Amino acid sequence: MRTVVVTGTASGIGKALKGMLEADGHRVIGVDLRDADVTVDLTTAAGRTGLVEQVTALSGGTIDAVVANAGLSNGSPATLAVNYFGALATLEGLRPLLTGSDAPRAAVTCSMASLLPVDDQLVDLTLAGDEAAALARAAELAAAGTGDIIYGSSKAAVAHWLRRVAPSADWAGARIPLNAIGPGIVQTGMTAEMLATEESTKAVESHVPMPLGGIMGPEVPANLLRFLVSPENSHMCGQVVFVDGGSDVVIRGDKVW
């Protein structure tokens, strides 16, 4: 039995992943704003500290895997606070607890939105670690009516961070594969409004092409996370694995090579 910490377990991908891992016989320490083993607000410093303290207490100081999955997409600075700074606080804060595992693993939920246009200033401030300045920039974007770009920018920053740190001594050097998934459009509470009508759904599909299978249920990306944090995943390092029905292929083609 492995002990896996998953954030965002109250709904969506996190809830699906929790159910899968528990069905496999593993222990899941769920983290969310509600209905979880650890209830904290990852937009705050107190919440991030509380996450580490409570997980340490519940686990006895050793975990086998962590999945930073909690996320927002509401066009506000809180989206950036959770998606990037909350995710990093989760991964970096719990990394010491992974060192006692025989097969430590870590993963984070990114998005195909990381491939869409972003606000370069916001991404740069975020990657510089200046949370106050980054949140101020996000507030400017929201006030200007362009808050939608915050989500993709936060996920692009996650992807950049991942590629920088995954091969480092702290992660690869400590035998911890660190990777991400990049889902396309998933049927969750976060996307319910944009998928509420046939017209809005068609608009989403035209913006995010998914020729293979179309819009997916949360179990699809959850299954990929399940593999990424399994002992079988021994050598993947710093990869954002797109599970997006082909969005990455349509948008970028073969130019990535």
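As the structure is a computational prediction, the values presented were derived from the model and not from experiment.
Closest approach of Ala65 to Arg2, counting heavy atoms only: CB-NH2, 4.0 Å. The shortest heavy-atom contact between Ile63 and Ser101 is O-CB, 3.5 Å. Nearest heavy-atom pair across Ala87 and Val108 is CB-CG2, 4.2 Å. Across Gly75 and Ala142, no two heavy atoms sit closer than the pair O-CB, 3.5 Å. The two atoms that bring Phe242 and Ser111 nearest to each other are CE2-O, 4.0 Å, heavy atoms only. Shown here for Leu122 and Ser153, the closest heavy-atom pair between the two residues is CD2-CB, 3.7 Å.
Met20 and Val6 sit in two unconnected hydrophobic clusters of ILVMFWY residues. Membership requires side-chain heavy atoms under 4.5 Å apart, directly or through other members. Under a hydrophobic-cluster definition in which Ile, Leu, Val, Met, Phe, Trp and Tyr are linked whenever side-chain heavy atoms come within less than 4.5 Å, directly or via other members, Leu125 and Val158 are assigned to different clusters. Hydrophobic clustering (ILVMFWY, side-chain heavy atoms < 4.5 Å, transitive): Val28 and Leu33 are in distinct clusters. The cluster map of Ile, Leu, Val, Met, Phe, Trp and Tyr, joined by side-chain heavy atoms under 4.5 Å apart, puts Leu98 and Met236 in the same cluster. Residues Val229 and Val165 are members of one and the same hydrophobic cluster, defined by side-chain heavy-atom contacts under 4.5 angstrom among Ile, Leu, Val, Met, Phe, Trp and Tyr.
Put simply, the side chain of Arg175 reaches to within 4.5 Å of the side chain of Pro104, judged on heavy atoms. Here the side chains of Arg27 and Val4 are not in contact, with every heavy-atom distance at 4.5 Å or above. Two residues are said to be in side-chain contact when any heavy atoms from C-beta on lie closer than 4.5 Å; Ile251 and Leu116 meet this criterion. In this structure the side chain of Tyr151 never reaches within 4.5 angstrom of the side chain of Val118, judged on heavy atoms. Within the 4.5 Å cutoff, the side chain of Ser247 has no heavy atoms near those of the Leu115 side chain. A heavy-atom distance below 4.5 Å is not found between the side chains of Pro177 and Cys237. For the pair Thr62 and Leu97, the minimum side-chain heavy-atom distance is 4.5 Å or more.
The main-chain N or O of Gly8 is never found under 3.5 Å from a side-chain atom of Lys18 such that the two would form a donor-acceptor pair. Asp244 places a side-chain N or O within donor-acceptor distance of the main-chain N or O of Asp248, the cut-off being under 3.5 Å. Proximity of a side-chain donor or acceptor of Thr39 to a complementary backbone N or O of Ala36 within less than 3.5 Å is not detected.
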Below 3.5 Å, can you tabulate the donor-acceptor pairs from side chains in residues 210-222 to any protein atom, sequence neighbours excluded?
none

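There is a side-chain donor-acceptor pair under 3.5 Å between Asp41 and Thr43. A side-chain donor from one of Thr79 and Asn74 sits under 3.5 Å from a side-chain acceptor of the other.
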Walk me through whether Val67 and Thr7 qualify under side-chain contact (heavy atoms from CB on, under 4.5 Å). CA-CA 6 Å; Val67 179; Thr7 65; over 6 Å; no
side-chain contact (heavy atoms from CB on, under 4.5 Å) between Thr44 and Thr49, intermediate numbers included: CA-CA 9 Å; Thr44 68; Thr49 300; over 6 Å; no
CA sep, side-chain torsions, deciding dist, call: Asn233, Asn179, side-chain contact (heavy atoms from CB on, under 4.5 Å): CA-CA 10 Å; Asn233 175 29; Asn179 296 282; 3.8 Å; yes
Using the side-chain contact (heavy atoms from CB on, under 4.5 Å) rule, take Thr3 and Ile29 through it: C-alpha gap first, then chi angles, then the decisive distance, then the call. CA-CA 7 Å; Thr3 297; Ile29 299 176; 4.0 Å; yes
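For Glu131 and Arg48, the salt-bridge test passes: some basic side-chain N is under 4.0 Å from an acidic carboxylate O. Salt-bridge check for Arg105 with Asp64: failed, with every basic side-chain N at 4.0 Å or more from each acidic carboxylate O. No salt bridge links Arg95 with Glu92; every basic N to acidic carboxylate O contact stays at or beyond 4.0 Å.
Interatomic distance, Ser114 OG to Asn83 CG, rounded to the nearest 0.5 Å: 11.5 Å. Asp170 contributes atom CG, which lies 8.0 Å from atom CD1 of Ile176 (distance to the nearest 0.5 angstrom). Atom CD1 of Ile181 sits about 7.0 Å away from atom CG of Asn69, to the nearest 0.5 Å. Atoms CE and CG, from Met1 and Leu21 in turn, are 12.0 Å apart once rounded to the nearest 0.5 Å. In this structure, CZ on Arg252 lies 8.0 Å from NZ on Lys255, to the nearest 0.5 angstrom. Here the OG1 atom belonging to Thr126 is positioned 4.5 Å from the CZ atom belonging to Phe85, to the nearest 0.5 angstrom.
Judged as a salt bridge (charged side-chain N to carboxylate O under 4.0 Å, His left out), and not counting sequence neighbours, Asp148 has no contacts. Under the rule for a side chain to side chain donor-acceptor pair (under 3.5 Å), the partners of Arg226 that lie at least two apart in sequence or sit in another chain are Asp24, Asn223.
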